[in-house]
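Note: hydrogens, waters and symmetry copies are ignored here, and every other heavy atom, side chains too, is used.
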Amino acid sequence: MSIQHDGKGHVIIGEAALSLALGEKEISVQSLIAELGHMAEAGGSDNRLTEISEARSWLKSFHEPEQAVRLVPYLQTLAGLNDEKN
């Protein structure tokens with residue numbers, strides 16, 4: 001699966017982000033990778049574990065978190081960078 005072309009990878013990342021948000025934890029590339037690791041440890045179907053693994057690999061491909069935020073607009077939203085300044 002190519003995460004850029006398949007919405008399923010985005011769903012897995014969104015699930016990890018929601019889990020972090022509900023736990024009132026920071027949402028960053030590193031915390032998403034860690035949360036996806038916890039999700040994998042919890043188990044699931046082979047397909048789910050594959051999606052988690054591919055999402056983690058994709059996130060790890062960004063050497064600098066700022067690069068991920070620039071290239072992936074929904075990460076800007078998760079990081080709160082699209083919020084209006086008051």
Nearest heavy-atom approach of Ile52 to Ile12 is CG1-CG2, 3.9 Å
Closest approach of Gly44 to Leu49 (non-hydrogen atoms, all atoms of both residues): O-CD1, 3.8 Å
Please tabulate, for side-chain N and O atoms in residues 14-22, each donor-acceptor pair with protein atoms closer than 3.5 Å (sequence neighbours left out).
residue : atom : partner : partner atom : Å
Glu15   : OE1  : Arg48   : NH1          : 3.2
Glu15   : OE2  : Arg48   : NH1          : 3.4
Glu15   : OE2  : Arg48   : NH2          : 2.5
Ser19   : OG   : Glu35   : OE2          : 3.0

Calculate, to the nearest 0.5 Å, the distance between atoms OG and CD belonging to Ser45 and Glu51 respectively. 7.0 Å
Distance from His10 atom NE2 to Trp58 atom CH2, nearest 0.5 Å? 6.0 Å
Enter the distance from Ile27:CD1 to Ile13:CD1 here, rounded to the nearest 0.5 Å. 12.5 Å
Checking Ser53 now: which residues fulfil side chain to side chain donor-acceptor pair (under 3.5 Å) with it, not counting sequence neighbours? none
